[in-house]
Amino acid sequence: MAMKSLKFLKPDDASWDVDKSDIDSSNNTPFVYNPCLSLSLEQQRLKLPVHRSRNEILYLLEKYQVLVIVGETGCGKSTQIPQYLLEAGWCEDGKMIGVTEPRRVAAVSLASRVAEEKGSLLGDTVGFTIRFDDCTDKETTRIKYMTEGILMMEMMEDPLLRNYAAIMLDEVHEQSQNVEILMGLMKKILKKNKNLRLLVSSATVDAEHVRDFFNLNVTKNEHADTSTILSIEGRLYPVDCFYVKDPVADYVKATVETVLKIHNAEPSGDILCFLTGQEEVDTAISLLQEHSKQSVKIFPLPMYGSLTNNEQMKVFRYCPKGLRKVVVATNIAETSITIPGIVYVIDCGYVKMRWFDASSFTDNLVVVPISQNAAVQRAGRAGRVRSGKVYRLYTEEDYARLPPHTVSEIRRCELSSAVIKLKALGIDNVVRFPFPSPPPAKNLLAGLELLHALGAVSDDAELTRPLGFRMAEFPLSTHETKCLLQGCDWGCSYEMAVMIACRQVESIFISPASGELSIRAKIKKREFEVAEGDLLTFFNVYSAYAATSDDNKKKWCHSNFVNHKSMKRVTQLINQIGSLLNKFDLKLTSCKGNLEMVCKCVVSGFFPNAAYLHYSGVYKTVRGVQDLSIHPSSVLYTLQQPQWVVFCETVYTKKLMMRELTVVKPEWLLEIAPHFYHKTYDR
DNA sequence: GAGCACTGC
């Protein structure tokens with residue numbers, strides 16, 4: 001069988017450190033491939049495709065308030081354009097150039113790169129700001145890289161962004177919820193602050209849409225346009241496209257067969273396969289490993305988000321000589337990471353996506369066909385080294401029938417936190433807010449309805465004081481924020497902060513996939529379990545961790561199968577929550593073991609997610625009609641099923657499952673949320 | 001008996 005076994009893992013093996021989002025200096029973006037590494041920095045700058053457009057960019061920014069830049073990753077736009085603006089004197093009155101990135105790693109690594117090119121220290125002329133890490137200087141920083149959420153927060157402080165000469169929204173084609181809101185807000189800001197310039201960088205797609213969105217010219221006269229497009233020639237080589245003649249029945253099997261076909265018939269070059277989830281990737285990998293044992297000279301590697309850093313790094317290393325590297329990945333390889341050396345791409349044509357259903361108020365994880373844009377993006381992964389080939393496991397007719405664009409996140413997700421932020425920014429009518437791709441009105445209204453139930457907006461849809469205005473400032477879900485603020489009133493804000501912080505990290509437990517270790521991990525986890533459910537189990541784990549002396553924390557985590565890096569981040573998050581509360585003269589206080597109080601406080605934020613055990617043996621929500629079951633990751637999965645629970649989220653794969661449960665009493669629901677449950681019964 | 005990908009003064 002496949003060697004997935006962790007049996008031989010030594011305690012000091014690096015793969016113990018399960019770490020996802022933390023950034024450390026030793027992990028300074030292995031993801032960018034630089035073919036000009038041997039040249040001096042200045043020579044490298046001149047070789048970038050964007051260099052030829054330097055003067056044009058500066059000219060267009062004199063003439064237009066908004067410039068849409070189209071260029072593939074690697075053309076140098078994110079590193080060079082801010083420097084051109086600085087060199088051209090845009091920052092002479094002390095203003096900054098702000099660049100937003102969808103990911104923390106990108107913000108940090110771009111800032112370090114540009115600081116190096118400018119020969120300055122990071123945090124001096126060039127800096128970055130991400131959550132928990134502000135590496136800028138109020139006096140000297142002129143170019144500031146940041147994550148999108150940071151700019152959003154700054155807009156709440158200064159709605160006209162007067163500290164900035166220009167803002168560059170980088171990689172907007174990823175269409176995050178934040179970017180949609182940022183673009184809508186920027187449209188308003190640009191009307192009021194005529195000195196501000198906006199650059200929007202996007203992959204080829206949708207550039208016209210973005211330009212037209214920002215164009216304030218209402219006349220037919222093109223000379224009055226306020227926005228325009230500039231294309232920068234990319235570094236992509238042509239990619240030949242192959243389709244299957246007939247639809248495939250099983251795309252995992254077809255992927256494996258296609259790998260073998262390419263390996264036998266095509267010249268050297270690595271292969272990248274796209275599948276939808278971890279299970280599929282693991283299946284494909286073990287099939288490929290069977291072949292590689294039968295002397296097929298391939299080197300299969302999995303790639304997905306929940307692999308440890310160490311396992312992820314393997315795809316960037318050179319593979320054993322004489323073997324062909326075959327990476328089988330989820331969508332993580334579509335935009336988030338770039339694997340060097342890929343010449344062949346196999347595309348199954350599907351993707352797993354979160355989808356919010358406003359009628360049942362559930363978030364579902366569903367497998368859907370990809371869009372034509374995504375298909376092009378996946379194919380492009382084959383053309384970064386030399387001309388490549390893409391094998392699409394669907395017919396050409398199927399391709400033609402795919403939707404042209406991926407439905408943006410804001411049209412698919414729960415919107416209450418977006419709505420409350422807009423309200424706090426003074427946008428009263430959120431349904432009329434200029435989103436570049438407006439979400440369905442019913443999703444916005446569902447968001448409003450939830451905020452109303454939580455007490456954050458009044459009957460006439462105004463933010464309430466103080467609750468609504470306070471809630472808008474927290475980087476947490478609306479349910480969580482409500483629990484936290486209720487906890488301040490009831491004296492259990494510390495317990496709430498701990499449980500909420502634990503929800504923000506990937507997982508606080510380490511769960512080896514198989515073997516003896518996985519059994520030992522389960523036994524250890526059981527020792528922390530409490531009958532009140534998952535959130536209180538989190539609290540239990542954290543309390544034990546916090547009670548351990550600093551010197552022993554790492555060892556303690558190791559022997560208890562708790563993720564040390566997650567716990568460090570949880571501690572950081574609790575501190576941040578504490579200082580955010582301080583802003584409102586609120587404090588973290590503990591109720592010291594009053595379990596009923598803690599559970600009631602959970603109900604105060606999560607009461608819309610209450611479910612009861614139906615006599616048929618499945619759970620049902622009070623408001624909905626679907627059947628729900630307990631997710632196997634829950635501590636309640638193995639215990640006797642409680643009569644009433646509230647859950648933090650649901651996932652739908654084969655059936656609808658509740659995650660992160662708390663056991664409750666039905667009378668609490670009526671006591672804490674009479675407005676909500678009366679209303680539902682009346683219907 | 002199960003986990004697309006990101007992010008937050």
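Residue numbers begin at 1 in each chain, while the letters A, B, ... track the order of the sequences. Hydrogens, waters and symmetry mates are skipped; everything else that's a heavy atom, side chains included, is used.
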Taking any heavy-atom pair under 4.0 Å as a contact, classify [X]: base, sugar-phosphate, or nothing.
X: A:Leu476; answer: base
X: A:Arg659; answer: nothing
X: A:Gln177; answer: nothing
X: A:Lys522; answer: base
X: A:Arg131; answer: base

Going by ring-ring contact (aromatic ring centres under 6.0 Å, His included), name the residues that satisfy it together with [X], two or more places apart in sequence or in a different chain.
X: A:Phe433; value: A:Phe435
X: A:His479; value: A:Phe606
X: A:Tyr251; value: A:Tyr350

Any idea which of [options] is nearest the [X] side chain?
X: A:Arg354; options: B:dC4, B:dC6, B:dA2; result: B:dC4
X: A:Lys421; options: B:dG8, B:dA5, B:dG1; result: B:dG8
X: A:Gln278; options: B:dC6, B:dA2, B:dG3; result: B:dG3

Length of the [atom1]-[atom2] vector between [X] and [N], whole Å:
X: A:Tyr637; N: B:dA2; atom1: OH; atom2: C1'; answer: 9 Å
X: A:Leu422; N: B:dG8; atom1: CG; atom2: P; answer: 19 Å
X: A:Glu157; N: B:dG8; atom1: CD; atom2: C1'; answer: 14 Å
X: A:Leu628; N: B:dA2; atom1: CG; atom2: P; answer: 16 Å
X: A:Phe128; N: B:dG8; atom1: CZ; atom2: P; answer: 11 Å
X: A:Glu180; N: B:dC6; atom1: CD; atom2: C1'; answer: 15 Å
X: A:Leu307; N: B:dA5; atom1: CG; atom2: C1'; answer: 14 Å
X: A:His631; N: B:dG1; atom1: NE2; atom2: C1'; answer: 9 Å

A:Glu409 (side chain) and B:dC6 (base): donor-acceptor pair under 3.5 Å:
no
Would you list the pairs meeting salt bridge (Lys or Arg N to Asp or Glu O under 4.0 Å) in which at least one residue belongs to residues 409-427 of chain A, sequence neighbours left out?
none
Strictly below 4.0 Å, heavy-atom distances to any atom of DNA chain B: list the hits from residues 345-352 of chain A, or just say none.
A:Lys352
Near DNA chain B, which residues from residues 144-153 of chain A have a heavy atom under 4.0 Å away?
A:Thr147, A:Gly149, A:Ile150, A:Met153
Taking side-chain contact (heavy atoms from CB on, under 4.5 Å) as the test, write out the residues that go with A:Asp250, two or more places apart.
A:Val252, A:Lys253
For A:Ser629, side-chain contact (heavy atoms from CB on, under 4.5 Å) partners two or more places apart:
A:Lys655, A:Met657
Under the side-chain hydrogen bond (donor to acceptor under 3.5 Å, both in side chains) rule, what pairs show up with a residue in residues 517-530 of chain A, not counting sequence neighbours?
none
Does any non-hydrogen side-chain atom of A:Met155 lie less than 4.5 Å from one of A:Met186?
yes
Would you say the side chain of A:Ile630 lies within less than 4.5 Å of the side chain of A:Phe647, judging by non-hydrogen atoms?
no
DNA chain B: A:Lys655 or A:Phe474, which has the more 5' nearest nucleotide?
A:Lys655
Please compare A:Ile332 and A:Pro475 by the position of their nearest nucleotide in DNA chain B and report the one closer to 5'.
A:Ile332
Can you list the steps and then say if A:Glu473 with A:Lys583 is a salt bridge (Lys or Arg N to Asp or Glu O under 4.0 Å)?
CA-CA 10 Å; A:Glu473 300 251 349; A:Lys583 252 182 70 176; 3.0 Å; yes
Between B:dG8 and A:Arg104, is there an OP1 or OP2 to side-chain N/O distance shorter than 4.0 Å?
yes
